[in-house]
Engineer: 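Quick one: the structure is below, and I'll ask about it shortly.
Note that the coordinates shown come from a computational prediction; the quantities given were computed from them, not determined experimentally.
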Amino acid sequence: MFRSHPREGAKALREGLELRLGRPLSRREFLRASAGAAVTVPSLAALLAACGGDPRKQVQSQGFQVATPENPVTLPKGTPIADGLQIEKGVTLQLYNWDQYIWKHVVDDFCKEFECDYELTTFNNMEEGIAKMQTGELKIDVFFPTYNYLGKLVTAGLLQPLNHTYIPNLEANAWDMFQNPFYDQGWQYSVPYATYTTGIAYRRDVIQDEQIHDMTNPYEILWDPTYSGKVGIYNSIRDAMGLVLLKNGITDVNTEKPADLEVVREDLLAMIDAVNIRTSINGTYAKLPKGVYDLHQGWSGDIVAAWGYVLDFTEESYENLGYWYPADRKGIADNDLLAIPASAEHPVLAHAFLNFLLDFDHAMDNFSWNGYQPPQNQADVNALTTTEGLYSKLFTDAAPAMLVPPWMPDAVVRREDFEVGYRQHELTPQGEAAWQDVWDEFKAGT
């Protein structure tokens with residue numbers, strides 16, 4: 001059974017939500033803010049050098065490759081912990097996660113079941129997270145990386161291979177594609193945590209659903225002068241520029257071609273003139289509900305979680321928010337991971353924690369708090385907008401309980417999104433510099 005939501009109780013909830021904008025930025029905020037500020041994760045060479053030895057020789061010997069769906073990668077094999085070990089009891093499980101990216105009540109439940117305590121240490125971006133792991137100053141049992149840095153982490157010896165016998169819930173519950181993902185063939189080092197798509201969030205009391213969904217190219221609405229001063233995109237190089245690429249029919253969202261980047265440059269500069277565009281990180285979940293924006297580039301998890309920020313905290317206010325994603329599902333789709341560091345002091349308990357979060361009830365309970373959907377087989381995507389009783393009623397006793405509101409079905413993440421959609425991978429150093437040049441020129445004009 002799902003428990004009362006931690007944000008329940010109108011008065012206390014509203015007070016807490018008003019304070020949230022004063023807290024440290026959330027995991028997703030920091031991830032994209034760091035990208036927008038050109039903060040980069042240490043290079044593979046830097047990671048290997050920090051771990052000792054000649055990085056060029058290590059890269060060659062390890063055969064490091066950048067993983068893509070067209071170029072799936074089997075990471076270097078290692079020796080996992082043995083079968084049949086006893087789970088550590090009476091210890092403190094050390095979690096290392098983005099801020100505000102897991103419901104602590106779910107972790108409390110785990111510790112009650114497995115007779116342990118926990119300590120949650122947070123990081124603000126992958127640079128910080130990896131740097132602290134490199135120094136060894138933290139003894140982490142469970143880490144929450146992004147998939148496009150998994151190969152670097154493994155090659156640098158910072159993660160340990162998983163023993164699948166301790167994690168039966170992955171095979172039993174998770175989508176097949178995450179049991180053999182392109183970035184970690186055979187899921188040797190990672191299990192999936194959350195999924196999301198990137199589309200357009202909008203005010204339904206300003207823009208009718210049919211208006212945006214019936215457009216030949218809905219991305220173009222972000223350039224419509226009708227909404228000047230009320231349009232936002234994420235303060236993120238990859239996400240913002242990726243949207244412009246798709247708007248122009250360029251489906252390689254990892255392109256480094258000068259001609260493609262020139263198209264992006266021209267369109268971003270045109271956006272400044274057309275709508276007085278603003279960049280933000282919390283625009284979808286926090287500012288769209290308050291009417292600061294009428295349109296904003298949106299992650300599905302952000303718009304699902306936006307119920308917590310509506311002005312008068314009523315379902316009617318939440319119904320003013322909508323989400324568009326391509327009907328053919330050919331948009332940007334990505335996911336985040338769980339992994340166990342090589343230095344974990346409680347590796348059996350860490351395996352149990354990964355298995356716990358892959359349990360259907362626990363995964364969906366966590367989803368109800370952070371808005372980002374776990375790839376669970378039992379979570380019928382066709383029922384996510386209609387099934388009642390999945391977690392406590394959000395607004396009043398009369399309001400239906402739901403994980404995704406029925407008026408924004410596009411916000412449900414589907415398996416085919418990872419089959420037909422587009423993934424954002426690592427760029428070459430030269431590519432990163434070229435993207436950064438375009439972004440810097442755009443930011444200088446906003």
Side-chain angles (χ1 to χ4, degrees), residues 17-18 20-39 125 196-207 211-212 215 217-248 261 263-303 305-306 308-311 317 320-325 331-332 424 435-446:
L17 292 171
E18 288 299 319
R20 283 185 64 179
L21 291 184
R23 62 155 169 77
L25 293 178
S26 71
R27 167 263 184 278
R28 188 64 57 186
E29 291 170 323
F30 267 117
L31 174 61
R32 306 309 183 185
S34 65
V39 176
N125 50 60
Y196 63 98
T197 60
T198 304
I200 298 174
Y202 59 95
R203 296 276 315 189
R204 298 174 76 227
D205 53 347
V206 176
I207 301 165
Q211 179 181 345
I212 186 169
M215 291 179 65
N217 185 355
Y219 292 113
E220 292 180 344
I221 199 170
L222 296 175
W223 280 257
D224 189 334
T226 304
Y227 310 104
S228 182
K230 306 277 281 186
V231 182
I233 58 173
Y234 284 126
N235 187 21
S236 160
I237 298 175
R238 298 300 303 274
D239 292 282
M241 291 177 62
L243 180 148
V244 180
L245 287 167
L246 293 182
K247 180 248 187 184
N248 285 279
L261 297 182
V263 169
V264 174
R265 187 188 72 83
E266 292 179 357
D267 242 2
L268 283 175
L269 296 179
M271 181 182 264
I272 298 173
D273 295 333
V275 297
N276 190 24
I277 188 68
R278 287 178 287 169
T279 61
S280 79
I281 287 299
N282 59 5
T284 294
Y285 74 79
K287 294 182 178 179
L288 192 77
K290 292 177 170 59
V292 176
Y293 295 105
D294 291 338
L295 287 158
H296 201 288
Q297 181 182 19
W299 297 303
S300 56
D302 275 7
I303 195 64
Y309 294 83
V310 294
L311 280 174
S317 290
N320 287 331
L321 307 181
Y323 181 73
W324 171 85
Y325 187 72
I332 293 174
Q424 297 178 113
W435 278 62
Q436 187 67 49
D437 287 344
V438 172
W439 186 250
D440 287 347
E441 184 176 352
F442 165 66
K443 289 287 288 182
T446 57

Engineer: Give the intermediate values and the outcome of side chain to side chain contact (heavy atoms under 4.5 Å, CB included) for residues Trp324 and Ile221.
Structural biologist: CA-CA 11 Å; Trp324 171 85; Ile221 199 170; over 6 Å; no

Engineer: What verdict does the side chain to side chain contact (heavy atoms under 4.5 Å, CB included) test give for Phe442 and Met241, after you've listed the backbone C-alpha separation in whole Å, the side-chain angles of each residue and the deciding distance to 0.1 Å?
Structural biologist: CA-CA 10 Å; Phe442 165 66; Met241 291 177 62; over 6 Å; no

Engineer: Might you point out which heavy atoms bring Val310 and Ser317 nearest each other, and give the distance in Å?
Structural biologist: CB-CB, 3.7 Å

Engineer: Taking all heavy atoms of Ile332 and all of Gln424, pick out the closest pair and write down the distance.
Structural biologist: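 Scanning both residues, the minimum pair turns out to be CG2-NE2, 3.9 Å.
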
Engineer: Quick check: closest heavy atoms across Glu220 and Lys247, and the distance to 0.1 Å?
Structural biologist: CG-CE, 3.8 Å

Engineer: Identify the heavy atoms of Ala201 and Thr284 that sit nearest to each other, and give their distance.
Structural biologist: CB-CG2, 3.7 Å

Engineer: Decide yes or no for Arg265 and Asp437: does some side-chain heavy atom of the first lie under 4.5 Å from some side-chain heavy atom of the second?
Structural biologist: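 They are not in contact (no side-chain heavy atoms under 4.5 Å apart), so the answer is no.
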
Engineer: Rounded to the nearest 0.5 Å, what separates atom CG in Asp205 from atom CD1 in Ile207?
Structural biologist: 9.5 Å

Engineer: What distance separates Lys290 NZ from Leu311 CG, expressed to the nearest 0.5 Å?
Structural biologist: 6.0 Å

Engineer: To the nearest 0.5 angstrom, please state how far the CG atom of Asp224 sits from the NZ atom of Lys230.
Structural biologist: 14.5 Å

Engineer: Would you say that Asn282 contacts Tyr309 through its side chain, given a criterion of any heavy-atom pair below 4.5 Å between the two side chains?
Structural biologist: no

Engineer: Identify the two heavy atoms, one from Gly229 and one from Asn276, that lie closest to each other, and give their separation to 0.1 Å.
Structural biologist: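 Closest heavy-atom pair between Gly229 and Asn276: N-CB, 4.2 Å.
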
Engineer: With distance as the sole test, does Ser228 use its side chain to make a donor-acceptor pair with the main-chain N or O of Pro225 at under 3.5 Å?
Structural biologist: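 A pair under 3.5 Å: no.
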
Engineer: Are side-chain heavy atoms of Ile200 and Tyr219 found at a separation under 4.5 Å?
Structural biologist: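 Yes, close enough: below the 4.5 Å cut-off.
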
Engineer: Any sub-3.5 Å donor-acceptor pair from Arg203's side-chain atoms to Gly322's backbone N or O?
Structural biologist: no

Engineer: Between atom CH2 of Trp299 and atom OG1 of Thr197, what is the distance when rounded to the nearest 0.5 Å?
Structural biologist: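 One gets 12.0 Å once the value is rounded to the nearest 0.5 Å.
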
Engineer: To the nearest 0.5 Å, tell me how far Asn248 CG sits from Leu243 CG.
Structural biologist: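 Those atoms lie 10.0 Å apart.
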
Engineer: Are side-chain N/O atoms of Tyr234 and Asp302 paired as donor and acceptor at under 3.5 Å?
Structural biologist: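 The criterion, which ignores hydrogens and geometry beyond distance, is satisfied for Asp302 and Tyr234.
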
Engineer: Using the rule given for side chain to side chain contact (heavy atoms under 4.5 Å, CB included), can you reason through Leu321 versus Arg204, listing the C-alpha separation, both sets of side-chain angles and the distance that settles it, and then say yes or no?
Structural biologist: CA-CA 5 Å; Leu321 307 181; Arg204 298 174 76 227; 5.7 Å; no

Engineer: For the atom pair CG (Leu245) and CG (Asp267), what is the distance rounded to the nearest 0.5 Å?
Structural biologist: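 The distance works out to 9.5 Å.
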
Engineer: Would you indicate whether the side-chain heavy atoms of Leu288 and Ile303 approach each other to under 4.5 Å?
Structural biologist: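 Heavy-atom side-chain distance check passes, below 4.5 Å.
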
Engineer: What's the verdict on side chain to side chain contact (heavy atoms under 4.5 Å, CB included) for Trp223 and Val244, showing C-alpha distance, side-chain angles and the deciding distance?
Structural biologist: CA-CA 11 Å; Trp223 280 257; Val244 180; 4.0 Å; yes

Engineer: Answer whether the closest heavy-atom distance between the side chains of Leu222 and Tyr202 falls below 4.5 Å.
Structural biologist: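 No. Closest side-chain heavy atoms not under 4.5 Å.
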
Engineer: Check each of Leu269, Ile233, Leu268 against Ile277 using the side chain to side chain contact (heavy atoms under 4.5 Å, CB included) test, and report the only one that passes.
Structural biologist: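 Of the listed options, the one satisfying the test is Ile233.
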
Engineer: Picking from Lys287, Gln297, His296, what satisfies side chain to side chain donor-acceptor pair (under 3.5 Å) with Ser280?
Structural biologist: His296

Engineer: Where do Asp239 and Thr198 come nearest, in terms of heavy atoms and distance?
Structural biologist: OD1-OG1, 4.2 Å

